[in-house]
Amino acid sequence: MPELPEVETIVRELCESDLIGKKICEVKVFWPRTIAIPNMADFCSQLVNQVIAKISRRGKFIVFTLSKDTLLIHLRMTGKLFFFNKEKKPSAHERLRIRLDDDRYLCYEDQRKFGKWYLLSNPETKLSELGIEPLSKVFTLKALQQLIRKSSQQIKSFLLNQHHIAGLGNIYVDEALWEAKIHPARKTNSLSHTEIVALHRAIPNVLKQGIAHMGTSLGSKLANYFSVSGRRGGNQTQLKVFRREGLPCSRCHNQMIKISLAQRGTHLCPNCQKLESFP
DNA sequence: GTGCCTGTTACCTC
DNA sequence: AGAGGTAACAGGCA
């Protein structure tokens, strides 16, 4: 669920939440497997008394730089962070809770329990696995060309792989490929220069649009994305292809379709996105 | 109730 | 190397 634009929105809200300089007083874990590293007891004892110095994002990770260690949070499908001011019973899906020295609670809910928290003395042990930040200046055309040249995967699988580019998920990959007019099953090594140029533009475009609309919230159910403040994103109304099968393509008016690729629902316009290379 | 679907990732086998 | 399957999970939906 949360891809780069959603995580970025969450991080921005956390940054506006007056957390810098606040101390962690208490940690309660309701679902121990939320903690990836280290074990639960060490995680709790090491976290207590650390002060929040900085909050940032790398790929889909939320990065809390603390006085001693770094806390990484990956929300996977259904992880959510929010605050409340009074101690209360944990909700059905609350997995973890942190009490701060201003008596606020930072709570973590995760319906499907896939999210993971890491407390690391050196965050690079985890973050170095990630590929290029697609919104940073190192995401150059040349960098993308080099990555693509090294691979012969289907472009959709390639883009979903966080080791190449960090932060894209199913929604924004489908959107970027639609914008670049590339069929998701195309092999990376078959892409023309023109197509790589188009993709290099499309990726930041769809991500920036997602951030501008504060993320994509599909449906209204529990599992859907909302930010720290409980606000839903607005990007779902801007999507051009994701979950729009059967609807006319906004570019060519042909009917868009949904196929299965890399075990993921994959949406495309069969007229704009052909399997043959575009010169 | 049954079976299939879902926005992520890691790991396995072929 | 890379495609495909499965698993971790819970709930929505037909």
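Every chain is numbered from 1 and lettered A, B, ... according to where its sequence line falls, protein lines coming before strand lines.
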- Nucleotide nearest Phe242(A) when distance is taken to its side chain, options dG2(C), dA8(C), dG7(B): dG7(B)
- Item | Lys/Arg-Asp/Glu bridge criterion (N-O < 4.0 Å) met for Glu109(A), Lys80(A) | no
- Short side-chain N/O contact from Lys187(A) to OP1 or OP2 of dG2(C), under 4.0 Å: no
- Query: Do the charged groups of Lys156(A) and Asp174(A) touch, with an N to O distance under 4.0 Å?
  - Reply: yes
- Rounded to whole angstrom units, what separation is found between the CG atom of Leu168(A) and the C1' atom of dT9(B)? 15 Å
- Message: If we ignore hydrogens and angles and just use 3.5 Å, is the side chain of Arg201(A) paired with the main-chain N or O of Glu179(A) as donor and acceptor?
- Response: no
- Task: In whole angstrom, give the distance that lies between atom CZ of Phe158(A) and atom C1' of dG4(C).
- Result: 20 Å
- Message: Tell me the interatomic distance from Gln263(A), atom CD, to dG7(B), atom C1', rounded to whole angstroms.
- Response: 16 Å
- Compare the minimum distances between each of dC5(B), dT8(B), dC9(C) and the side chain of Lys258(A), then state the nucleotide with the smallest one. dC5(B)
- Item | Leu147(A) CG - dA1(C) P separation (whole Å) | 16 Å
- Any salt bridge between Glu195(A) and Lys181(A), counting N to O under 4.0 Å? no
- Compare the minimum distances between each of dA10(C), dA3(C), dT8(B) and the side chain of Ser157(A), then state the nucleotide with the smallest one. dA3(C)
- Note on the structure: Quick note, Lys60(A) side chain, CB onward, closest among dT9(B), dC9(C), dG7(B) is dT9(B)
- Phosphate oxygens OP1/OP2 of dA1(C): is one of them under 4.0 Å from a side-chain N or O of Ser152(A)? no
- Item | Candidate nucleotides dG11(C), dT9(B), dT6(B), ranked by approach to the side chain of Gln111(A) - the nearest | dG11(C)
- Query: In whole angstrom, what separates Asn170(A)'s CG from dC5(B)'s P?
  - Reply: 14 Å
- Query: Does the Asn39(A) side chain pair with the main chain of Asp42(A), one donor and one acceptor, at a distance under 3.5 Å?
  - Reply: yes
- Please tell me which of the listed nucleotides, dA10(C), dG7(B), dG2(C), lies nearest to the side chain of Lys113(A)? dA10(C)
- Message: Nearest to the side chain of Glu129(A), heavy atoms from C-beta on, is which of dG7(B), dA10(B), dT9(B)?
- Response: dA10(B)
- Can you check the Ile148(A) CD1 to dG2(C) P distance for me, whole Å? 13 Å
- Task: In whole angstrom, give me the gap between the P atoms of dG5(C) and dC4(B).
- Result: 14 Å
- Message: It should be established whether Lys116(A) places a side-chain nitrogen or oxygen under 4.0 Å from OP1 or OP2 of nucleotide dT9(B).
- Response: no
- dC9(C) pairs with which nucleotide, Watson-Crick or G-U wobble, both distances below 3.5 Å? none
- Take the angle between the ring planes of His164(A) and Phe158(A) and call it parallel below 30°, perpendicular above 60°, tilted in between. parallel
- Nearest to the side chain of Arg112(A) - dT9(B), dG7(B), dC9(C)? dC9(C)
- Task: Whole angstrom is fine here: how far is it from OH in Tyr118(A) over to P in dT9(B)?
- Result: 10 Å
- May I ask you to verify whether the side chain of Arg264(A) and the base of dT6(B) hold a donor-acceptor pair under 3.5 Å? no
- Message: Can you measure Ile37(A) atom CD1 to dA10(B) atom P for me and round it to whole angstrom units?
- Response: 11 Å
- Could you work out the separation of dG3(B) and dT6(C) based on their P atoms and round it to a whole Å? 16 Å
- Task: Look at Arg97(A) together with Glu87(A) and state whether they make a salt bridge at an N to O cut-off of under 4.0 Å.
- Result: yes
- Message: Strictly below 4.0 Å: does His163(A) bring a side-chain N or O up to OP1 or OP2 of dT9(B)?
- Response: no
- Counting Watson-Crick and G-U wobble pairs only, both distances under 3.5 Å, name the nucleotide matched with dG2(C), or none. dC14(B)
- Sugar-phosphate only, base, or nothing, as touched by Gln154(A) at under 4.0 Å among non-hydrogen atoms: sugar-phosphate
- Can you check whether His74(A) has a side-chain N or O nearer than 4.0 Å to OP1 or OP2 of dT9(B)? yes
